[in-house]
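Order of the sequence lines sets the chain letters (A, B, ...), proteins ahead of strands, with each chain counted from 1.
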Amino acid sequence: METLGYKYHDNYSVEVPKNLEHGGFSTNIAMVCSKLNKMKPLNLAKKIVAEMEKKRDYKSVSLAGAGFINFTLSNYVYHHMIPMIMFNDYGSSNYGKRRKVILEFVSANPTGPLNVVSARASAYGDSLYRIFKYVGYEPFREFYVNDAGNQVDILAESVELRYRELHGEIISEFPAEAYNGDYIKDIAAKLNSIEGSKLLHYSEKDRLDRMKDFALEEIHRMQVFSLEKFGVEFENWMSEKKLRQEGSIEEVLSWLSEANVTFEKDDAIWFESTKFGDEKDRVLMRADGTITYIVPDIAYHLTKYQRGFDIIIDVLGPDHHGYVPRLKAALEALKYDFHKLEVVFLQHINLFSNGELVKMSKRAGKIVTMNDLIDEVGKDATRYFFLDRRPNSHLNFDLALAKKASNENPVFYIQYAHARICSILKKAKKEKLALNNFDLKQLKRLDKVEEIRLIKKMLSFPEILNQITDKREPHRLATYTLELAGMFHKYYAAFTIINPRYKDLSRCRLFLISAIKNVLAISLDLMGISAPTSMKRKKK
RNA sequence: GUCCCCGUAGCUCAGUUGGAUAGAGCGUUUGACUCCGGAUCAAAAGGCCGUGCGUUCGAAUCGCGUCGGGGACACCA
């Protein structure tokens, strides 16, 4: 536009038509800028097309419709982008403008080991974290621990029963509300090996406190262990107990009452959340003076604001969706920008065993733990299994099937592409086809449609990453990587990479597949999956 | 009763800021290196995108209804 001396503004768009086969772009620039130059769109488009045709950057330029310009770039434009794709931080950017993002996920109750649902949340949250970080956000992973309140009291009592059992007491009836998994026995036994019968002489309160603290510590350790095995870390574990000790409860209560949104009824203190669109009002403090879970939850979310996060994302199970309105109501009442809080719901996992639905129950101790899953299916396959699905898709999960299917998990297809390239590059080294001092002009030999398509696919990578952060949908990376791996496998089968008779061509192709290897490695890393340089041959 | 999610190939799932012939993996059938890794590739079969109406030049994608499946509606968290 500038060389033609026309005025223009930036609100035109360049689009890649859905029909990728013919590759190419389409732009409405002439239509957007016609008024500015007092010309008819079609006439302006003609001038632009004429100018574009003079440049060798464009392979073909054509007019369409009322002034759309379709054009295709010359191959060499693509060729010259390959070196960029080979940078080991290819795709990273400043897209996020260093905005601070807090991702809260898993946040499982500290009353038992992590289960398959936590594995899904881990795969989702951690990959999203990695991608956020890669494109220039400042993300932060947090696990909220509900280590106070009713359920941890029950936890303590459950341990107590098992402990007393160890000392000869016969527990005729194990209460239905108690936690009944084997891990409770393990915790009791471990505590017993440290303390012996000493605790029996404590006062009940002291004994239960000791049980509680010990159990919480043990379970925390179990959870950290599983997460580490899965490659997931948290920057912070936020303790509810600590929040309570710091006086946050009293603060929240007094702020809400200052905001005139609380009232008393039946000796309890209520929050008038219906004022802010909630279905009904919520109890904050019961008649006996204890607090309901909502208060520390509000306090916790306030810290997310106070800590200066620009984007606040909660990853929750679908059973919490009714909980969001009351939380947002409280934020609104306290004059916080409740729009900043986003909630992603990960849908349930229906657990099957040999085709039959299994109900999981932590209380009854009937759960498939995250540990079992990783041990039996493997970290990489498990992560991919959960990652290639949309967050709000329901999914059926059969452990027996998952084990069997782990050999058929698409993740191996991707990893194999990576390993295969590594193997080819190794062979190239033996053939003395080194890529140092490689003359970029040689790249003109990459003139096959498949080669240009591969380059285009890799050039779309940065945009895919940006979209993932916009939509909070890391599964798109799983899909993308699978497609890229597929394109490589097909290319490999159709063309010979190393051919000693055509050394220059071989070098060009090695150059290309090195770029592919790089993108695969980056993608796998962003998904928390390893990129092996070699793989064991599968038995037929 | 109110609210949330889902319904796409035999199975598991992609594809939704509306665009041309709806895709992949697994499974089924048939083929492929004396040569860079056969965990690969080529090809075939398999679809009223649950269903009806609407908006639109154009709908898997948007709206309303309907059917089917899952879930939530606590002074548990």
Side-chain angles (χ1 to χ4, degrees), chain A residues 15 17-19 21-22 26 107-111 144 146 148-152 154 177 240 265-270 279-288 290-294 296-297 317-325 343 345-350 357 363 385 388-398 401-402 404-405 407-417 419-428 430-431 433 467 470-471 473 475-476 478-480 482-483 485-486 488-500 506 509-510 513 534-540:
Chain A
E15 287 174 359
K18 276 279 159 74
N19 197 339
E21 281 303 312
H22 307 92
S26 177
S107 293
N109 284 333
T111 52
Y144 180 52
N146 296 112
N150 204 5
Q151 52 182 355
V152 283
I154 296 173
E177 73 274 10
E240 179 186 345
K265 196 178 91 182
D266 305 332
D267 297 323
I269 299 175
W270 296 67
E279 282 179 342
K280 46 178 123 172
D281 295 329
R282 308 290 168 179
V283 170
L284 297 173
M285 188 187 277
R286 304 178 186 100
D288 67 1
T290 59
I291 228 83
T292 63
Y293 76 96
I294 183 92
D297 266 14
D319 46 333
H320 286 75
H321 89 258
Y323 144 106
V324 176
V343 181
F345 292 106
L346 291 182
Q347 292 300 320
H348 269 305
I349 297 175
N350 295 319
L357 191 65
R363 303 245 150 127
F385 181 86
D388 77 334
R389 283 147 162 93
R390 248 163 48 251
N392 51 7
S393 71
H394 298 254
L395 69 91
N396 296 330
F397 188 84
D398 192 316
L401 203 71
K404 214 178 103 195
N407 290 328
E408 286 142 17
N409 189 307
V411 75
F412 296 109
Y413 182 84
I414 297 167
Q415 290 181 318
Y416 181 53
R420 197 175 219 181
I421 294 172
C422 290
S423 165
I424 298 168
L425 293 174
K426 212 164 129 192
K427 168 152 178 148
K430 275 190 202 153
E431 303 271 340
L433 285 164
Q467 275 176 21
D470 286 344
K471 303 211 167 199
E473 289 186 342
H475 77 277
R476 289 160 184 259
T479 309
Y480 172 86
L482 186 64
E483 284 167 0
F488 164 72
H489 282 309
K490 285 174 177 51
Y491 175 66
Y492 169 85
F495 300 95
T496 308
I497 311 287
I498 296 177
N499 187 338
S506 299
R509 290 183 170 167
L510 288 165
I513 67 167
S534 72
M535 289 171 82
K536 261 186 256 166
R537 219 172 271 263
K538 187 187 182 184
K539 277 178 249 161
K540 257 277 165 177

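- B/G47 is unpaired under the Watson-Crick or G-U wobble criterion, no partner having all donor-acceptor distances under 3.5 Å.
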Any chance you could lay out the side chain to side chain contact (heavy atoms under 4.5 Å, CB included) test for A/Asp388 and A/His475, step after step, and finish with the verdict? CA-CA 5 Å; A/Asp388 77 334; A/His475 77 277; 5.5 Å; no

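- Between the side chain of A/His489 and the main chain of A/Tyr413, a donor-acceptor pair closer than 3.5 Å is present.
- Look at B/A42: its Watson-Crick or wobble partner, with both distances under 3.5 angstrom, is B/U30.
- At a threshold of 4.0 angstrom between heavy atoms, the contacts of A/Asp266 include nucleobase atoms, whether or not backbone atoms are also involved.
- B/C57 and B/G18 are spaced 12 Å apart, taking the C1' atom of each and rounding to whole Å.
- Closest contact between the side chain of A/Arg389 and the listed nucleotides B/A14, B/C75, B/C41 involves B/A14.
- Of the P atoms belonging to B/G10 and B/C3, the separation is 34 Å, rounded to the nearest Å.
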Between A/Thr292 and A/Arg282, is a side chain to side chain contact (heavy atoms under 4.5 Å, CB included) present by the stated rule, with each step listed? CA-CA 9 Å; A/Thr292 63; A/Arg282 308 290 168 179; over 6 Å; no

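- Within the 4.0 Å cut-off from OP1 or OP2 of B/C41, at least one side-chain nitrogen or oxygen of A/Tyr413 is found.
- Residue A/Tyr480 contributes atom OH, which lies 17 Å from atom C1' of B/G15 at whole-angstrom precision.
- Remark: the separation of the P atoms in B/U8 and B/G15 is 14 Å, to the nearest Å.
- Taking the side chain of A/His475 as heavy atoms from C-beta on, and the options B/A42, B/G71, B/A14, the nearest nucleotide is B/A14.
- Between A/Phe385 and A/Leu482, it is A/Phe385 whose nearest contact on RNA chain B lies nearer the 5' terminus.
- Backbone-only contact: A/His489 has heavy atoms under 4.0 Å from sugar-phosphate atoms and none from a base.
- As judged by a 4.0 angstrom heavy-atom cut-off over every strand, A/Ile424 is placed among residues touching the sugar-phosphate backbone only.
- One finds no side-chain N or O of A/Lys426 lying less than 4.0 angstrom from the OP1 or OP2 phosphate oxygen of B/G37.
- Across all strands shown, A/Phe345 has no heavy atoms under 4.0 Å from either base or sugar-phosphate atoms.
- The same atom, C1', is picked in B/G37 and in B/C41; the two are 13 Å apart, to the nearest Å.
- Proximity note for A/Arg390 (side chain, C-beta onward) versus B/U16, B/C41, B/G37: the nearest is B/U16.
- When rounded to the nearest whole Å, the span between CD of A/Glu483 and C1' of B/C13 equals 13 Å.
- Neither OP1 nor OP2 of B/A74 sits under 4.0 Å from any side-chain N or O of A/Arg282.
- Distance CD1 (A/Ile154) to P (B/A77): 9 Å, rounded to an integer number of Å.
- Here A/Ala419 lies in heavy-atom contact (under 4.0 Å) with a base.
- Looking only at atom types and distance, the side chain of A/Asn146 has no donor-acceptor partner in the side chain of A/Gln151 under 3.5 Å away.
- Between A/Ser393 and the phosphate of B/G7, there is no side-chain N or O to OP1/OP2 separation shorter than 4.0 Å.
- Donor-acceptor pairing under 3.5 Å, judged by distance alone, is absent between the side chain of A/Tyr416 and the base of B/A39.
- Summarising the base pairing, B/C64 is matched to B/G52 through a Watson-Crick or G-U wobble pair whose two defining distances lie under 3.5 Å.
- Taking only side-chain atoms of A/Lys471, from C-beta outward, the nucleotide of B/U17, B/G37, B/A14 with the closest atom is B/U17.
- Note on A/His320: every side-chain N or O is 4.0 Å or more away from OP1 and OP2 of B/C4.
- At a threshold of 4.5 Å between non-hydrogen side-chain atoms, the residues A/Ile513 and A/Ile424 count as touching.
- Atom CZ of A/Arg420 is separated from atom P of B/A39 by 8 Å (rounded to the nearest Å).
- Of all nucleotides present, none satisfies the Watson-Crick or G-U wobble test against B/A59 with each distance under 3.5 Å.
- Under the Watson-Crick or G-U wobble criterion, with both distances below 3.5 Å, B/C3 is paired with B/G71.
- The partner of B/A22 cannot be assigned: no Watson-Crick or G-U wobble pair with both contacts below 3.5 Å exists in any strand.
- Counting non-hydrogen atoms under 4.0 angstrom, A/Glu240 reaches the backbone sugars and phosphates but no base.
- Side-chain atoms of A/Tyr492 lie closest to B/G37 of the nucleotides B/G37, B/C75, B/C73.
- Within the structure, a side-chain polar atom (N or O) of A/Asn392 is placed less than 4.0 Å from OP1 or OP2 of B/C6.
- B/G19 and B/A32 have their C1' atoms separated by 38 Å, with the value rounded to a whole Å.
- Of the P atoms belonging to B/C64 and B/C6, the separation is 14 Å, rounded to the nearest Å.
- A gap of 30 Å separates the P atoms of B/U12 and B/G31, to the nearest Å.
- One interatomic measurement links the two molecules: CZ of A/Phe488 to C1' of B/G37, which rounds to 10 Å at whole-angstrom precision.
- Going from the C1' atom of B/U28 to that of B/C11 covers 12 Å, rounded to whole Å.
- Under 4.0 angstrom from either OP1 or OP2 of B/G37 there lies at least one side-chain N or O belonging to A/Ser423.
- Residues A/Ile414 and A/Ala485 approach most closely at CA-CB, 3.9 Å, considering heavy atoms.
- The nearest whole Å value for the distance from the CD1 atom in A/Ile498 to the P atom in B/C36 is 10 Å.
- Enclosure of atom CG in A/Asp267 is not indicated, since only 12 or fewer non-hydrogen atoms of other residues, nucleotides or ligands lie within 6.0 angstrom.
- Per the geometry, CZ belonging to A/Arg476 stands 18 Å off P belonging to B/G23, to the nearest Å.
- For A/Ala493, the side-chain atoms get nearest to B/C41 when compared with the rest of B/U40, B/C41, B/A14.
- Ranking B/U16, B/C75, B/G69 by closeness to the A/His394 side chain, first place goes to B/G69.
- Remark: P of B/A74 and OH of A/Tyr293 are 10 Å apart, rounded to the nearest angstrom.
- Between A/Tyr293 and A/Tyr323, the ring planes are parallel. Angles under 30° get that label, and only those over 60° would be called perpendicular.
- If you check every strand for non-hydrogen atoms under 4.0 Å, A/Thr290 touches nothing.
- The listed nucleotides are B/A39, B/C36, B/A77; the one nearest the side chain of A/Asn146 is B/A77.
- A 4.5 Å side-chain heavy-atom check between A/Ile497 and A/Tyr491 finds at least one atom pair inside the cut-off.
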